[in-house]
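Worksheet: one structure, shown below.
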Amino acid sequence: MAKDIALAEMKNFVGTELGVSDWITVDQSMINAFAKATLDDQFIHTDPERAKAESPFGGTIAHGFLTLSLLSALNYDALPRIRETTMGINYGFDAVRFVTPVKSGARVRGRFILAEARFRGAAMLVTTYDVTVEIENEKKPALTARWTTITQFNPEDRPQDA
């Protein structure tokens, strides 16, 4: 896949896998920082000894919302940039499912399939991706979701046939 694509080309890629990111290591320091930022310091995330002794996971695991929040970084790494973009924003998620816990030290990556691309208003492209966050050496993914974003652009760049 090209590193960047034209706004007018987006509709041609519906149903296509647009990218797979590099692996990111989710280590204990990342988990601890997320716990601190979100005030969620449940022992299964932040206490390796207790999590090993008292949880079914054999150690600490990442917060599901930490895994979800990594989609921004995974997206920047995997998806081509739309040339005409002036700003991109999150619009929301549908059907987020946390399938498999991400153990501390595991590596994850994102896989992005463009499910929909439609123009809205004079200067917005709404894109929906079917996203899977995979865990290295695991059969089941960490999460699956349908992620909708909005790409804003200059109205003069809107394709004639849109």
Side-chain angles (χ1 to χ4, degrees), residues 1-5 10 13-82 85-118 120 124-152:
M1 179 59 59
K3 281 290 184 194
D4 66 350
I5 56 179
M10 284 299 289
F13 292 102
V14 171
T16 302
E17 182 174 276
L18 288 185
V20 177
S21 73
D22 289 335
W23 295 102
I24 292 178
T25 301
V26 180
D27 61 16
Q28 192 61 50
S29 63
M30 180 187 289
I31 295 168
N32 290 345
F34 190 84
K36 184 175 181 179
T38 60
L39 307 177
D40 180 356
D41 61 355
Q42 187 178 164
F43 81 93
I44 63 172
H45 305 303
T46 60
D47 187 336
E49 294 305 315
R50 186 173 172 199
K52 184 175 182 180
E54 297 180 29
S55 80
F57 309 115
T60 55
I61 59 170
H63 306 71
F65 288 128
L66 167 56
T67 306
L68 185 68
S69 72
L70 288 174
L71 285 176
S72 291
L74 299 171
N75 162 356
Y76 291 134
D77 184 53
L79 294 179
R81 187 181 72 75
I82 300 172
T85 299
T86 58
M87 180 175 58
I89 56 176
N90 288 314
Y91 188 67
F93 288 91
D94 294 319
V96 175
R97 297 293 180 263
F98 301 104
V99 181
T100 304
V102 177
K103 295 178 181 180
S104 179
R107 295 190 334 151
V108 298
R109 71 178 177 187
R111 186 174 297 277
F112 299 84
I113 297 171
L114 182 63
E116 184 180 9
R118 61 182 168 80
R120 187 172 99 186
M124 289 187 282
L125 174 69
V126 179
T127 52
T128 302
Y129 298 93
D130 288 327
V131 180
T132 304
V133 176
E134 302 172 340
I135 307 168
E136 189 174 40
N137 300 318
E138 292 283 343
K139 289 184 181 190
K140 292 183 179 178
L143 72 80
T144 60
R146 184 161 269 222
W147 184 17
T148 302
T149 64
I150 295 175
T151 299
Q152 292 195 280

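- Residues D27 and T25 have side chains that never bring a donor and an acceptor to within less than 3.5 angstrom of each other.
- F34 has its side chain out of reach of D40: every pair of non-hydrogen atoms, C-beta onward, lies at least 4.5 Å apart.
- Side-chain contact between L143 and R97: absent, with no pair of heavy atoms (C-beta onward) separated by less than 4.5 Å.
- Applying the side-chain contact (heavy atoms from CB on, under 4.5 Å) test between S21 and each of L74, V133, L71, L70 identifies L74 as the sole match.
- Each of V131, L68, T128 was scored for a side-chain contact (heavy atoms from CB on, under 4.5 Å) with F93, with one residue passing: L68.
- Between the T100 side chain and the P141 main chain, a donor and an acceptor come within less than 3.5 Å of each other.
- You'll find the side chain of I44 reaches within 4.5 Å of the side chain of I61, heavy atoms only.
- Using a 4.5 Å heavy-atom threshold, the side chains of H45 and T60 count as separate.
- Annotation for F57: atom CZ counts as buried by contact number, over 12 foreign heavy atoms lying within 6.0 Å.
- Atom CD1 of I89 and atom CD1 of I150 lie 4.5 Å apart (nearest 0.5 Å).
- Crowding of E136 atom CD: a count of heavy atoms from other residues, nucleotides or ligands under 6.0 Å exceeding 12.
- A cation-pi arrangement is not found for R118 relative to Y91, the charged atom failing to lie both closer than 6.0 Å to the ring centre and inside a 45° cone about the ring normal.
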